[in-house]
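Structure first, commentary second.
Each ligand, and each atom within it, is numbered from 1 in the order the structure gives.
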Amino acid sequence: MEEYVLAIDQGTTSTRLILFDHEQKIVFAAQKEIETIYPRPGWVQEDANDIYLSVISLLGQLFQTTKIDPKAIRAIGISNQRETTVMWNRKTGIPVTSAIVWQSRQTADIVKRYKDRGLEEMIHQKTGLVLDPYFSATKIRWIYENVPGVSDDPDVIFGTVDTWLVWKLSGGVSHVTDVTNASRTLLFNIHTLKWDEELCEIFEIPMTILPKITDTACEVARIDSSIYGLDCPICAIVGDQQAALFGESCFKKGDIKNTYGTGGFILLNTDKDLIISDSGLLTTVAYKIGKEVKYALEGSIFVSGSLIQWLRDGLHLFTQAKDSETLAKSVPDNGGVVIVPAFVGLGAPYWDDDCRGAIFGLTRGINRAHIARAALEAMAFQVLDLIKVMEKETGMPIRELKVDGGASVNDFLLQFQSDVAKITIERPDIREATALGAARIAGLTVGFWKMEDFIDMPKTLYHPKADPKQMDVLYDNWLKALKSAVEFTK
Ligand code: ADP
C-alpha cells in the first residue's frame with residue numbers, strides 16, 4: 001500500500017489540507033476559508049470552533065475525493081497561524097470567547113501599561129520578542145480582564161491554534177504546543193526553552209493553564225479514531241513561518257526565506273546562535289528536532305501582497321492580482337512614483353504604530369501601470385530593508401533568498417527583488433512551502449523521509465540583471481519616501 005504524510009496548514013485566511021506522497025508530490029490539496037471578525041477598528045478575531053470544523057470538513061473531502069485508506073496516512077504534521085490565542089474550558093471543550101488573532105491590536109492599552117512599568121528590555125532579553133499586542137501574553141491578559149468568569153475558573157486553559165487543534169483532534173487528551181509556537185507567546189524563555197516563571201508572574205498568568213512544550217518533531221498525540229478512522233499520530237507541530245523555512249530547505253546557517261503573502265515574513269537561520277537583536281528583529285526558535293535546536297532572526301512586514309489586493313479591490317485598478325505583473329512590465333520604470341504601504345503602521349525593523357501609507361511623486365503623466373509597478377517595488381524594498389538589518393546583526397553577507405507565498409508567482413517582483421538587492425532569488429517549484437515543511441517534519445519523526453531527501457528540489461532562479469547604480473537610486477528614493485511618511489504622522 002502506498003503511504004502518505006498529511007499536512008494541516010491552518011493559516012489566518014484559510015485552512016489547507018495537503019497530502020504528500022513519498023516523492024514529496026502533492027496528491028491532494030483542498031482549502032477552506034476562515035471567517036474573520038472585526039468587532040471594532042483594529043480588533044481581529046476568529047471563531048475557534050470554525051477553525052477546528054474547517055479541518056474536519058477538509059478531512060471529509062480528502063476521504064471522499066481520494067478514497068485513500070486512512071491507514072495509508074503514516075503521520076500528520078500541523079503548521080499554524082502563530083500567536084493567535086484561544087482559551088477554553090477543559091471539561092466542556094467550549095471556547096470562552098473568540099480567538100484573538102495575531103493581527104489584533106485590541107491589547108494596545110495593556111501593552112502600554114507594561115511599557116510604562118519599564119519592562120520592555122527585560123522581556124526582550126528573555127523572549128527575543130518586542131512588547132507588542134502581536135504576541136499572545138497580552139491577549140490572555142485581555143481575556144482575563146474582559147470575559148466574565150474566566151479569571152476565577154481553574155478549568156479554563158490556554159493554547160495557540162496548534163494546541164487547540166491537537167486538543168480537539170486527540171479528543172481532549174493532549175494539551176501541548178511546540179517550541180516554535182511557544183517562542184511567540186512572550187511567556188517562553190528562549191534561552192532555557194521553558195515557560196518563564198517571572199514572565200508568567202508579570203503577566204499574571206497561572207502556569208497551570210499553559211500547554212506542555214514539546215519538540216517540533218515528535219509524536220505529540222494520536223488522532224481520536226472516531227475521526228474518519230484516522231488512527232495515526234500527529235508527529236509535528238510548527239508555526240507557519242518556521243514551517244515555510246523548513247519547507248524551503250533553509251537548514252544551514254545563513255539560509256534565508258521570505259514569504260510574500262498577505263504580509264511578508266523573512267526568516268534567517270542562525271543555527272545554534274541565539275542573537276538578541278538591537279535593531280528591531282525578532283529572535284525565534286526555528287525548530288527543535290532531537291537534540292538539535294536551531295534559531296532564526298525574523299522580520300515581519302505587515303503589508304505585502306495585501307497592497308496588490310488594495311489596488312485591485314480598493315482602487316479597482318485591475319481585476320486579478322496577476323494583472324499587476326502585466327501592467328508593471330508595460331512601462332519602462334515607475335515614473336518617479338514611490339508607495340509606502342504603511343496602512344497599519346510599520347512592522348520590523350521600524351515598529352511604528354502611527355505611520356500611515358503614502359504615495360509620492362505623482363505627476364499628470366502617471367497611470368495605473370506606474371502605480372502597479374511602484375507597488376511591486378515597495379514589496380521588494382521592504383524585504384531589502386530587512387536583509388540589510390540582518391546582514392548588520394549577523395555580520396554575514398546574504399547572497400541568496402528563497403521565496404514562497406501567493407505573490408511569489410509574480411516574475412516581475414522576483415526579478416526586481418534580485419536586481420535591487422543584488423542577490424539570487426530562488427523559488428522552489430512546489431508552491432506549498434508551509435505545508436511541505438510541516439509534512440517533512442512529521443515524515444522525519446516516523447522515518448518516512450531522511451534529511452537527505454530534502455535537498456536539490458526543482459526550482460527557478462532569478463539573477464540580478466539591472467544596472468546596479470540605477471537600483472541604488474531607486475532604493476534611496478524609497479528610504480526618502482519612508483522617512484517622509486514617518487515624519488508626516490509625527
Ligand atoms: P496568505 O497570507 O493568506 O497565506 P497567500 O500566500 O495566499 O496569502 O498570498 C496572497 C497574497 O498574494 C494576496 O494579498 C494577493 O494580493 C497576492 N498575490 C497573489 N497573486 C499575485 C500576483 N500574481 N502578483 C502579486 N501579488 C499576488
Numbering the atoms of ligand 1 from 1, which are under 4.0 Å from a heavy atom of [X]?
{"X": "Ser324", "result": "24 (N), 25 (C)"}
{"X": "Lys322", "result": "23 (N)"}
{"X": "Val409", "result": "23 (N)"}
{"X": "Ser306", "result": "14 (O)"}
{"X": "Gly405", "result": "6 (O)"}

*Name the closest protein heavy atom to atom 12 (O) of ligand 1, giving the residue it belongs to and the distance to 0.1 Å.*
Ala407 N, 3.5 Å

*Could you find the nearest protein heavy atom to atom 7 (O) of ligand 1 and give me its residue, atom name and distance?*
Arg16 NH2, 3.9 Å

*Is the distance between the ring centroids of Phe251 and Phe246 under 6.0 Å?*
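Centroid distance Phe251-Phe246: below 6.0 Å, so yes.
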
*Is the distance between the ring centroids of Trp310 and Phe343 less than 6.0 Å?*
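Under 6.0 Å, so yes.
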
Is the closest N or O pair between [X] and ligand 1 shorter than 3.5 Å?
{"X": "Gly406", "result": "yes"}
{"X": "Gly305", "result": "yes"}
{"X": "Thr13", "result": "yes"}

When you measure from the side chain of [X] to the backbone of [Y], do you find a donor-acceptor pair of N or O atoms at a distance under 3.5 Å?
{"X": "Lys257", "Y": "Leu401", "result": "no"}
{"X": "His124", "Y": "Ser277", "result": "yes"}
{"X": "Asp21", "Y": "Tyr4", "result": "no"}

*Candidate with minimal heavy-atom separation from atom 8 (O) of ligand 1, of Asp411, Asn410, Thr262*: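 Nearest option to atom 8 (O) of ligand 1, by heavy atoms: Thr262.
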
*Side-chain ion pair, Arg368 and Asp323, N-O less than 4.0 Å*: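 No, this pair does not count.
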
*Lys252 with Asp255: basic N within carboxylate O range, under 4.0 Å*: yes

_Do Lys168 and Tyr52 form a cation-pi contact, if we require the NZ or CZ to be under 6.0 Å from the six-membered ring centre and within 45 degrees of the ring's axis?_
yes

*Verify the contact flag for atom 4 (O) of ligand 1, where contact means a protein heavy atom under 4.0 Å away.*
no

*asked:* For Ala321, which part has a heavy atom under 4.0 Å from ligand 1: side chain, backbone, both, or neither?
replied: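 Near ligand 1, Ala321 shows its backbone as well as its side chain.
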
_Passing option when Asp240 is tested against Arg16, Arg82, Arg184 for salt bridge (Lys or Arg N to Asp or Glu O under 4.0 Å)_ = Arg82

